[in-house]
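See structure below.
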Amino acid sequence: MLKILFWSSLALLLWTHLGYPLVAAALARLRPRPVRQGDVTPLVTIVVAAHDEAAVIERRIENLLAQDYPADRFAVVVASDGSTDGTDQLVASLASRDPRVQLLRCPREGKVEAQNAAVRFSEAEVVAFSDANALWAPDALRALMRAFADDDVAYVCGQLRLSAATDATREGLYWRYETWIREQEAALGSITAGNGAIYAVRRADYVEHRFGHDFGLPYLMVRRRRRAAYVPEAVAFEKPAEVPEEEYRRKVRMFSRAWRHVLAGRILRSVGPLYAFELVSHRVLRYASGLLHLVLLGTSLALVRRGLVYEIALSAQLAWLVLAAAGRARLPIPGATLAYYYLLVTWATVAGLARYLRSGVPVVWEKAEGTR
């Protein structure tokens, strides 16, 4: 049994991190399903859910108002989630000068509830979403809308680029890896997750729920026989966390929401075999990677005297932990910061699961320090 656990955990880790991305890329080239794009300009409401974002909300709105998109075809709604720092007053002042800006005051019930309220408030054909700390390229909205020329597309995600990265974190490297996998999944038919900086959904296809759009909306669209597309030409920019420990805390919150979707047992329902394969390989196994590493380490310790392969496996894992410790100490050793970042992200999957089992999904959210 120990050997079965050892080899199973090792195989699943190699599959989700290396095997699946390569297989997805190969399948995307063998059977691509390109999205039909066109220069369409549907009526759009851009929703920015905000809680105490006075430091960045004016910049965010001005950036959206400067989009290269017909001025009479879009509006900006700031759904203020119980803000008390002057955010509402700043938005109201901008709204008094530009009728495209609207303030929707919401009780403090969390980001997704504020987004749900904004969608109910909107009468546009398409509802786009963005974070308060993001900035869009001038043509981002127009590029995002092009995918809606395809009637099968219900959800579109743009590309997030992380700016001002520091040597203390490897979030930028991780994000480029994730973006590449997203491109392969998009070519196969639909992506398995989006990002909160830039995405849009047809209002008629929007599904209200309480536990996050990034993972939830794409598979819900596929369940409806719709497509969740990715348009890398629609670019948004965000500042990453300045230190990996802050990114760890953000990912714990994110993974606690993801575990809710997984443990509810509904993500594979009515999505088809190919998309189910994508969800299990990319999402379920990735979220389980922390548990798989614990199983691999435990079985390596138990089997270390039973063969050279187990000695090598244990030595490699211990060496990786030492390298991660050097990264935590900010020692200038090649690969140390990457090892530490991977350790934090992987452990965040376990901490997120424990948090979800202990207290469920947090309704409200707090800003990641250093990302404004």
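Heavy-atom basis, side chains included; hydrogens, waters and symmetry copies ignored.
Formation of a donor-acceptor pair under 3.5 Å by the N195 side chain with backbone atoms of D214 is not found in this model. Between the side chain of R142 and the main chain of D68, a donor-acceptor pair closer than 3.5 Å is present. Panel note: side chain R29, backbone A25; a donor-acceptor pair is recorded below 3.5 Å. Remark: the backbone N or O of A118 is not paired with any side-chain donor or acceptor of S122 at under 3.5 angstrom. Not a single donor-acceptor pair under 3.5 Å links the side chain of S300 to the backbone N or O of A313. Side-chain N or O atoms of R202 include one that pairs as donor or acceptor with a backbone N or O of V153 at under 3.5 Å. A distance-only check finds no donor-acceptor pair linking the side chain of E233 to the backbone of A143 [under 3.5 Å]. Remark: side-chain polar atoms of Q67 are paired, donor with acceptor, to backbone N or O of L141 under 3.5 angstrom. Side-chain atoms of S93 never come within 3.5 Å of backbone atoms of Q89 as a donor-acceptor pair (strictly under, hydrogens ignored). The closest donor-acceptor contact from the side chain of R182 to the backbone of Y177 lies at 3.5 Å or more, if one exists at all.
Checked options Y206, Y155, Y219; the residue passing with H213 is Y206 (criterion: ring-ring contact (aromatic ring centres under 6.0 Å, His included)). With respect to Y230, the side chain to side chain contact (heavy atoms under 4.5 Å, CB included) criterion is satisfied by exactly one of Q159, Q184, E185: Q159.
Aromatic pair Y356/F255: centroids not less than 6.0 angstrom apart.
Between F215 atom CZ and R257 atom CZ the span is 14.0 Å, to the nearest 0.5 Å.
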field: Pair V44-F148, side-chain contact (heavy atoms from CB on, under 4.5 Å): steps then yes or no
entry: CA-CA 12 Å; V44 183; F148 287 114; over 6 Å; no
message: Between D85 and T87, does the side chain to side chain donor-acceptor pair (under 3.5 Å) criterion hold? Intermediate values first, please.
response: CA-CA 6 Å; D85 69 338; T87 295; 2.6 Å; yes
query: What do the steps show when you test R59 against E62 for salt bridge (charged side-chain N to carboxylate O under 4.0 Å, His left out), and what is the final call?
result: CA-CA 5 Å; R59 180 193 67 179; E62 290 167 357; over 6 Å; no
task: Report the C-alpha distance between T192 and I181 in whole Å, list the side-chain angles of each, state the deciding distance to 0.1 Å, and finish with yes or no for side-chain contact (heavy atoms from CB on, under 4.5 Å).
output: CA-CA 10 Å; T192 56; I181 298 175; over 6 Å; no
- request: Go through the steps for V48 and I61 under the test side-chain contact (heavy atoms from CB on, under 4.5 Å), then give the verdict.
  value: CA-CA 9 Å; V48 179; I61 294 172; over 6 Å; no
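Between V91 and Q102, the closest heavy-atom pair is CG1-O, 4.3 Å. Between A79 and C106 the shortest heavy-atom distance is CB-SG, 4.3 Å. Residues L2 and A302 share a closest heavy-atom pair of CD1-CB, 3.9 Å. Across all non-hydrogen atoms, the minimal contact from D81 to P107 is OD1-O, 2.9 Å. Across every non-hydrogen atom of L323 and G335, the tightest pair is CD2-O, 3.7 Å.
Relative orientation of the W259 and Y287 rings is tilted, given thresholds of 30° and 60° on the angle between their planes. In this structure, H17 and H293 have tilted ring planes: the angle between them lies in the 30° to 60° band. Between F74 and Y69, the angle of the ring planes goes over 60°, which puts this pair in the perpendicular group of the 30/60° scheme.
The pair D131-K111 meets the salt-bridge criterion, since a charged nitrogen lies less than 4.0 angstrom from a carboxylate oxygen.
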